[in-house]
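Remember, predicted model here, so these are calculated numbers, not experimental data.
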Amino acid sequence: MIQSILKANSVLNYIARHQNRAKLANISKELGINRSTLHGILQSLVYCNLLIQDPDTSYYSLGPKIYELGKIYEKDFSLVKVAKPFMKHLNEAFQESVHLAIESNQKVLYIECIQSTHSVRTNSSIGGTDPLYATSAGKIILSYADGNYVDDYLRHCSFKPLTPNTITQIDDLTRQFDIIRTQGYAVDNEEVEIGLRCISVPILGADESLYGVISVSGPTNRMDQKLNEVIHETVTTCHALSCSLGC
């Protein structure tokens with residue numbers, strides 16, 4: 001599996017270096033991949049839209065998925081750069097873990113993290129994912145998402161109970177959306193893990209579009225002692241962050 005991924009990566013890099021057009025024979029010769037194996041790799045990359053093949057010339061070139069992924073990376077890299085000082089402020093204020101998250105493939109994807117200074121803290125890290133329905137960050141994402149996206153997500157979601165507090169009914173989940181938009185934050189009521197509390201706040205554009213989510217999380221007993229303060233400061237901080245992005 002790893003060798004196949006490495007070969008696919010070498011193919012993409014080869015095509016990019018050769019004016020974004022190359023034929024199977026040339027790729028095979030220069031990369032030393034036999035034609036049968038290479039044909040399978042190329043067809044898989046075409047299937048995933050990472051490559052396209054011109055039906056007239058048989059040349060392969062980079063596909064639209066490469067552009068899409070590049071734009072996502074560019075956007076998220078910029079967001080991380082701008083958000084980092086605001087995350088540091090919250091981390092220093094409460095000594096709890098602070099995460100920056102976005103939506104990816106109908107999951108919460110953590111793209112930046114500043115860990116708590118306490119020995120007992122959350123385990124999530126950069127690149128980790130969580131379900132939308134069971135997390136405060138996910139509920140923020142669903143609350144601000146397009147209606148068609150939400151309908152599709154709810155139609156295919158399995159709503160697996162992760163704890164006794166996990167929301168497993170569509171009506172119970174959707175009822176929270178208006179409340180979340182009105183109050184400006186969402187709470188994870190030990191829905192992913194017993195003993196873990198998380199507060200999430202949206203980062204919004206001028207048109208109320210969602211750039212991302214910042215969350216502050218820690219053990220429930222510690223978080224509940226300062227819950228109102230965490231909510232107020234996180235909402236205030238995310239508003240300032242939103243404005244710095246052009247709200």
Side-chain angles (χ1 to χ4, degrees), residues 79-80 82-103 107-126 128-145 162-167 172-205 208 210-245 247:
L79 179 59
V80 168
V82 176
K84 196 69 174 286
F86 296 88
M87 297 174 66
K88 286 182 178 178
H89 164 73
L90 292 170
N91 175 258
E92 291 169 359
F94 302 112
Q95 289 82 52
E96 301 294 355
S97 296
V98 181
H99 292 84
L100 176 63
I102 60 169
E103 185 276 344
K107 291 184 179 181
V108 177
L109 172 65
Y110 301 104
I111 60 174
E112 185 57 277
C113 172
I114 302 177
Q115 289 287 3
S116 169
T117 55
H118 295 287
S119 58
V120 179
R121 58 194 183 192
T122 60
N123 294 321
S124 54
S125 58
I126 297 172
T129 61
D130 272 323
L132 295 175
Y133 69 92
T135 56
S136 56
K139 287 185 281 186
I140 290 286
I141 290 167
L142 290 170
S143 296
Y144 287 89
L162 304 178
T163 76
N165 295 340
T166 304
I167 296 173
D172 292 338
L173 180 62
T174 56
R175 224 181 339 259
Q176 294 193 22
F177 295 165
D178 285 338
I179 297 172
I180 288 170
R181 287 194 296 269
T182 299
Q183 67 188 14
Y185 65 89
V187 180
D188 173 357
N189 183 34
E190 299 184 318
E191 295 162 51
V192 173
E193 181 180 338
I194 292 297
L196 175 67
R197 175 84 71 227
C198 183
I199 305 298
S200 291
V201 177
I203 305 165
L204 299 174
E208 293 291 292
L210 186 70
Y211 284 113
V213 183
I214 281 185
S215 64
V216 179
S217 56
T220 301
N221 60 345
R222 232 172 33 220
M223 287 287 289
D224 284 355
Q225 294 174 14
K226 51 193 174 187
L227 193 62
N228 291 335
E229 186 182 355
V230 171
I231 291 171
H232 173 77
E233 191 61 31
T234 307
V235 169
T236 301
T237 300
C238 285
H239 178 71
L241 172 53
S242 295
C243 288
S244 74
L245 290 167
C247 73

In Å, rounded to the nearest 0.5 Å, how long is the span from [atom1] of [X] to [atom2] of [Y]?
X: His232; Y: Tyr185; atom1: NE2; atom2: OH; result: 12.5 Å
X: Leu196; Y: Ser217; atom1: CG; atom2: OG; result: 5.5 Å
X: Gln176; Y: Ile179; atom1: CD; atom2: CD1; result: 6.5 Å
X: Gln183; Y: Ile231; atom1: CD; atom2: CD1; result: 7.5 Å

Knowing that exactly one of Met87, His99, Glu96 qualifies, which makes a side chain to side chain contact (heavy atoms under 4.5 Å, CB included) with Ser215?
His99
Taking the side chain from [X] and the backbone from [Y], do they hold a donor-acceptor pair closer than 3.5 Å?
X: Asn165; Y: Asn189; answer: yes
X: Lys226; Y: Phe94; answer: yes
X: Lys139; Y: Val187; answer: yes
X: Asp188; Y: Glu190; answer: yes
X: Ser200; Y: Ala137; answer: yes

Evaluate the side chain to side chain contact (heavy atoms under 4.5 Å, CB included) criterion for residues Val82 and Leu241: first the C-alpha distance (whole Å), next the side-chain angles of each, then the deciding distance (0.1 Å), finally the verdict.
CA-CA 8 Å; Val82 176; Leu241 172 53; 3.7 Å; yes
With a 4.0 Å cut-off, would you call Glu208 and Arg181 a salt bridge?
no
Does a side-chain N-to-carboxylate-O contact under 4.0 Å join Arg197 and Glu191?
no
Start with the C-alpha gap between Ile140 and Leu210, add the side-chain angles, then the distance that decides, and say whether side chain to side chain contact (heavy atoms under 4.5 Å, CB included) holds.
CA-CA 9 Å; Ile140 290 286; Leu210 186 70; 4.1 Å; yes
Should Ile203 and Ile214 be marked as a side chain to side chain contact (heavy atoms under 4.5 Å, CB included) after you check the CA-CA gap, both sets of side-chain angles, and the distance that decides it?
CA-CA 7 Å; Ile203 305 165; Ile214 281 185; 3.8 Å; yes
Nearest heavy-atom approach of Thr166 to Ala134 is CG2-CB, 4.1 Å
May I have the step-by-step check of side chain to side chain contact (heavy atoms under 4.5 Å, CB included) for Ile180 and Asp178, ending in yes or no?
CA-CA 5 Å; Ile180 288 170; Asp178 285 338; over 6 Å; no
Any donor-acceptor pair under 3.5 Å linking the side-chain atoms of Ser116 with those of Gln95?
no
